[in-house]
Amino acid sequence: MDPLRALRPWEAPEVTSWGRLAMSGVDRRHPSLSLDGDWHFQLLPSPDAPVGETWSTAHVPGAWTLQDTDDLPHYTNVRMPFAEFPPHSPAANPTGVYERTVDVPAEWAGRRIVLQVGAAESVLLVQVDGRPVGVSKDSHLAAEFDLTAVVRAGDRAVLRLTVVKWSDASHLEDQDQWWHGGITRPVLLYATDPLHLADVTVLARADGELRVDCRVRDAAGALPEGWHVSGDLDGLAVAQDTTFDRANAEDERVSAFLGEARLRATVPDVRTWTAETPELYGLTVRLHRPDGTVADTSYHRVGFRDVEIAGRDLLINGERVFIRGVNRHDFHPLTGRTVSHDDMRADLALLKRFGFNAVRTAHYPNDPALYDIADEFGLYVVDEADIESHDHAHEIADDPRYLNAFVDRVSRMVLRDKNHPSVIIWSLGNESDYGANHDAAAGWVRRHDPTRPVQYEGAAKRGWADPDVASDIACPMYAPLEDCVAHALSGKQTKPLIQCEYSHAMGNSNGTLADHWAAIEATPGLQGGFIWEFWDHGILQRVSDGRPAGRAGAGRYSDGVAAPGHRWAYGGDFGDTPHDGAFIADGVVFPDRTPKPVLYEHREIAAPVRLESFRHEGPVIGNHQHFRGLDWLSGEWLLSLADGRTLTAPAELPDLRPGETAAVPLPLDLPDDGGEAWLTLRVTTARDEAWAPRGTVVCLPQVRLRPRPVREAVAVPERTVEVDADGLLVHPLLRSAPTLSLWRAPTDNDELGGMADRWREWGLDAPVRRLVAVRRDGASVGVLAEYAFGTAVVRHEQVLTAVEGGIRVEETAELPEALYDVARVGSVFETVAGPELLDWFGPGPWESYPDRATAPVGHHSLPVDDLFTPYLRPQESGGRHGVRHFTLSAPDATGLAVRLDRPSQVSVTRYRAADLAAAAHHDELVPREGCVVHIDAAHRGLGTASCGPDTFASYLVPTGTHRWGWILRAL
Ligand code: IPT
């Protein structure tokens, strides 16, 4: 047994590391010797098991749970996957032994040689040539070890990294995500001069003041007399601050073992950094030997900006900004927590394109690349420490054995990330109750970095305005909007109110997002929040053997859908128990980063340019940004008329400062005919941005120019309508006649919010129809039916009238009080096979529901198969809100046209609600040949009840009489 394992550090919470170097703000990832690639690998059943003779291979970086081992991914949310209480871990404890040889470059002779392991979960033990070197915990931050004494330049060394999956630290890493094991970020070696920069702290203020504090050490011992530092900021020389040196010398504060020096400069006419204007300067810090030669350098991209809280406002450079944020995990459907630089860039570019300006690194420090990219693209970051003790939160928050771990995890994050302008707030972690261990960590941060606020939801929970808790921000999760507004209006608010999590994106969700933002923008004291969350964490799984596809799965998905023979796995799909099912699929993007409809909704809600109104002199444009004008944008007018025409003209965007509005001339004439009319301003990027090519849509603000005429005149009766013995419409275009529907395939919100259970109890999913009477009256047939839903009965009447070219359907349904909250009231029918394309006039083109309906009204066209959104667990999907009329056509232009009396919720898919409700994954669904069409008089909002508030009362389906009418014609 090796000595490190004999010490059993995996059950010693007070041991956070041994032999590990201090974290610092000097980024050593480049240049370096990469040790990524295939390593010899063994997976032991426990850390006590002997290492055997037989080795396989494992790729580094990468979790072993996704690399053909028998230890598969396991998903739990709150509960721990094992029964042992903290600080204990189970006896069956997968332990990976990674081994490889390393040729230490000969030119490193005389240099200080350091090993960096980017991330390992949850305990890392390091040996070189059998000698113990170090131990580390804290699964989402790098660990560095000084190997100078144990390797020789020019020689070969055997490096062994042992990773123990379960430990005392697992109880601190109980985040809502898959459990994995292994080395998940890059491993590398680097070398420095013995005289080196141990830490660099950059402070760059919006007034152009630059201060760079350097800590210097010499591995040889005492620092040589005469060392000094210098800096260069984009060609501007940055000098060492002699006042600082004198004060240090007079105070005798520093010894010969710790050097401290400060660089200072004032940048004239500084270009400040904000999320809208991510201006960066390149700073090189040089450490010189007494003879002036350079011993070490550190490169930083510097953003000049201020963060402060004034009263109840969070200010960036003195401006109260809205925080349009999302929570982001490090995730990839093939590699788990290992995310490449390119993938991270694509993540953040997507967020920028959809109007986000902030990321919370839920719930641990993300890969270091994320912060570089956030600096570059312009995103505010709430940087969160790797602490979530959800299942045993109360016990751990005050457990002194874990005190060290709390301070260690928070302080190491701050030390690593403090030089990033994007980081504006430190978060102490997530869902870990609130105890003395948090206060200790907060105390460390406040002393080390007084330039940024600290937040922690568990502390804020004790009182949003409480000055004594470790949170400068009131950062609740899933607080009802009315509570937030009431707090802001109470006169008692003392802190900015920014929800750390809101609007839970599980399945077909995020209802009322626009209502939230209307309130936030209208209520001083409310500043925004972070949507939960970015990713659906579906792991690509082979259906044949149930194993993760791993890196071999590359390319086996597109447009959010797994290729045949594959599916997106969620909790339970790997035989993992206990598990929390599809709760892991709750993001605004699919596992392959395909945007869900809510992203388009968000883009419009976050629009930097808006159409405020239309006056007789023309549309009024407003600049809703905080820091910049509109010169980075181009515009185009689209005038959509109900008669099918869309007129276009280039738009000149006015020169507006933030907050300003101006009326502009409209270079288009509104025709007298054409009915309802909508004016859209199509806003795109005017030039290439780091996150989007020129021409990328930024937003589509819209105003209505002319309302809808009251109702289209009914055409003359010309013949009779045919119904069968059950009173059901017989029509050559329909495979099944329109019948009453009160049900939808439950969304995740419907399921977890309890509505779906109630609907099943009421029998909404299995109505029993009874024909009551058929009455003929000239060209009309009146059909009265009763639908029994358990004990409740709904009377449904259809009056079918032959009109020119088709049939007019007028429907009435009387919903009794007993059915006080149903999914929908409307008709459902199925077409014959053939139609493949939906053309419609209404909001679009993306999916919309009554409480998620910001899409602009216009003429839209999509293949039927693309209307459906493949939410991971099949559920209600594909709806289009406010549809006025539509056609469903086959390639030969045959098909049907429907004109609705009122703008209505419509959906066209290949699935009956029951088909969707019966499936757990998409590979189980069999598309129908025809189209399943729903036309709803009323449709329930989506809300966010899977975690948080349900939709508002105004989006529920009322009881009483519902009337709707439509005309069906052949094309
Ligand atoms: C909250 C968690 O912070 C987050 O990790 C995630 O689990 C989210 O909810 C739901 O998906 S905690 C919840 C119990 C309120």
With sequence neighbours excluded, what pairs up with [X] under the ring pair (Phe, Tyr, Trp, His ring centres under 6.0 Å) test?
X: His487; value: Trp464
X: Phe952; value: none
X: Tyr849; value: His939

Within the side chain of [X], is there an N or O that forms a donor-acceptor pair under 3.5 Å with the backbone of [Y]?
X: Asp536; Y: Asp586; result: yes
X: Glu676; Y: Ser640; result: no
X: Ser422; Y: Tyr380; result: no
X: Ser503; Y: Ile531; result: no
X: Arg969; Y: Glu804; result: yes
X: Arg880; Y: Val908; result: no
X: Asn317; Y: Trp273; result: yes
X: Gln702; Y: Val857; result: yes
X: Lys352; Y: Gly378; result: yes
X: Gln493; Y: Gly525; result: yes

Can you see which heavy atom on [X] is nearest to which on [Y], and at what distance?
X: Cys500; Y: Phe530; value: O-CB, 3.2 Å
X: Val898; Y: Leu896; value: CG2-CD1, 3.9 Å
X: Leu370; Y: Met344; value: N-SD, 3.8 Å
X: Leu526; Y: Ala519; value: CD1-O, 4.0 Å
X: Ile935; Y: Trp964; value: O-NE1, 4.0 Å
X: Trp966; Y: Ser827; value: NE1-OG, 3.7 Å

(request) Can you run down the salt bridge (Lys or Arg N to Asp or Glu O under 4.0 Å) pairs that involve residues 686-702, sequence neighbours left out, and say none if there aren't any? (result) Arg687-Glu689
(message) Considering only residues two or more places apart or on different chains, which pairs with a residue in residues 840-850 satisfy salt bridge (Lys or Arg N to Asp or Glu O under 4.0 Å)?
(response) Glu847-Arg852
Between [X] and [Y], a side-chain donor and acceptor under 3.5 Å:
X: Thr747; Y: Gln875; value: no
X: Glu376; Y: Trp691; value: no
X: Thr594; Y: Asp559; value: no

Distance from [X] atom [atom1] to [Y] atom [atom2], nearest 0.5 Å?
X: Asp655; Y: Asp631; atom1: CG; atom2: CG; value: 7.5 Å
X: Leu867; Y: Cys931; atom1: CG; atom2: SG; value: 8.5 Å
X: Leu481; Y: Gln499; atom1: CG; atom2: CD; value: 8.0 Å
X: Leu942; Y: Asn508; atom1: CG; atom2: CG; value: 4.5 Å
X: Thr646; Y: His860; atom1: OG1; atom2: NE2; value: 8.5 Å
X: Asp748; Y: Glu876; atom1: CG; atom2: CD; value: 12.5 Å

(request) With sequence neighbours excluded, give me every ring-ring contact (aromatic ring centres under 6.0 Å, His included) pair touching residues 596-636. (result) Phe322-His626, Phe354-Tyr600, Phe356-His602, Tyr600-Trp846
(message) Working note: Arg744 + Asp750, criterion side-chain contact (heavy atoms from CB on, under 4.5 Å); need CA distance, chi angles, decisive distance, verdict.
(response) CA-CA 9 Å; Arg744 66 186 179 201; Asp750 296 338; 2.8 Å; yes
Is the number of heavy atoms from other residues, nucleotides or ligands under 6.0 Å of [X] [atom1] greater than 12?
X: Asp673; atom1: CG; answer: yes
X: Arg657; atom1: CZ; answer: no
X: Glu652; atom1: CD; answer: no

Going by salt bridge (charged side-chain N to carboxylate O under 4.0 Å, His left out), name the residues that satisfy it together with [X], two or more places apart in sequence or in a different chain.
X: Arg271; result: Glu279
X: Asp936; result: Arg824
X: Arg360; result: Glu384, Glu501
X: Arg328; result: Asp330, Asp347

(request) Would you sort out whether Asp375 and Arg305 count as a salt bridge (charged side-chain N to carboxylate O under 4.0 Å, His left out), showing the intermediate values? (result) CA-CA 12 Å; Asp375 292 344; Arg305 61 111 186 84; over 6 Å; no
(request) Could you pull out all residues at least two apart from Ala677 that satisfy side chain to side chain contact (heavy atoms under 4.5 Å, CB included)? (result) Leu639, Leu641, Leu670, Leu705, Arg706
(message) Run Leu599 and Leu350 through side-chain contact (heavy atoms from CB on, under 4.5 Å) and show every step you take.
(response) CA-CA 9 Å; Leu599 275 190; Leu350 189 91; 3.9 Å; yes
(request) Check step by step if side-chain contact (heavy atoms from CB on, under 4.5 Å) holds for Arg312 and Leu497. (result) CA-CA 8 Å; Arg312 57 181 186 170; Leu497 179 43; over 6 Å; no
(request) Please name the residue in the list Arg808, Arg708, Arg963 that meets the salt bridge (charged side-chain N to carboxylate O under 4.0 Å, His left out) test with Asp901. (result) Arg808
(message) Parallel, tilted or perpendicular, judged at 30° and 60°: which one describes the rings of Tyr281 and Phe304?
(response) perpendicular
(request) May I have the step-by-step check of salt bridge (charged side-chain N to carboxylate O under 4.0 Å, His left out) for Arg324 and Glu521, ending in yes or no? (result) CA-CA 11 Å; Arg324 303 180 187 276; Glu521 293 191 357; 2.8 Å; yes
(message) Any non-hydrogen side-chain atom of Leu315 less than 4.5 Å from a side-chain atom of Asp306?
(response) no
(request) Walk me through it: do Val589 and Trp535 pass the test side-chain contact (heavy atoms from CB on, under 4.5 Å)? (result) CA-CA 5 Å; Val589 298; Trp535 286 109; 3.6 Å; yes
(request) Not counting sequence neighbours, list each pair that qualifies as a side chain to side chain donor-acceptor pair (under 3.5 Å) and has a residue in residues 942-951. (result) His504-Ser946, Asn749-Ser946, Asp851-Thr951, Arg940-Asp950
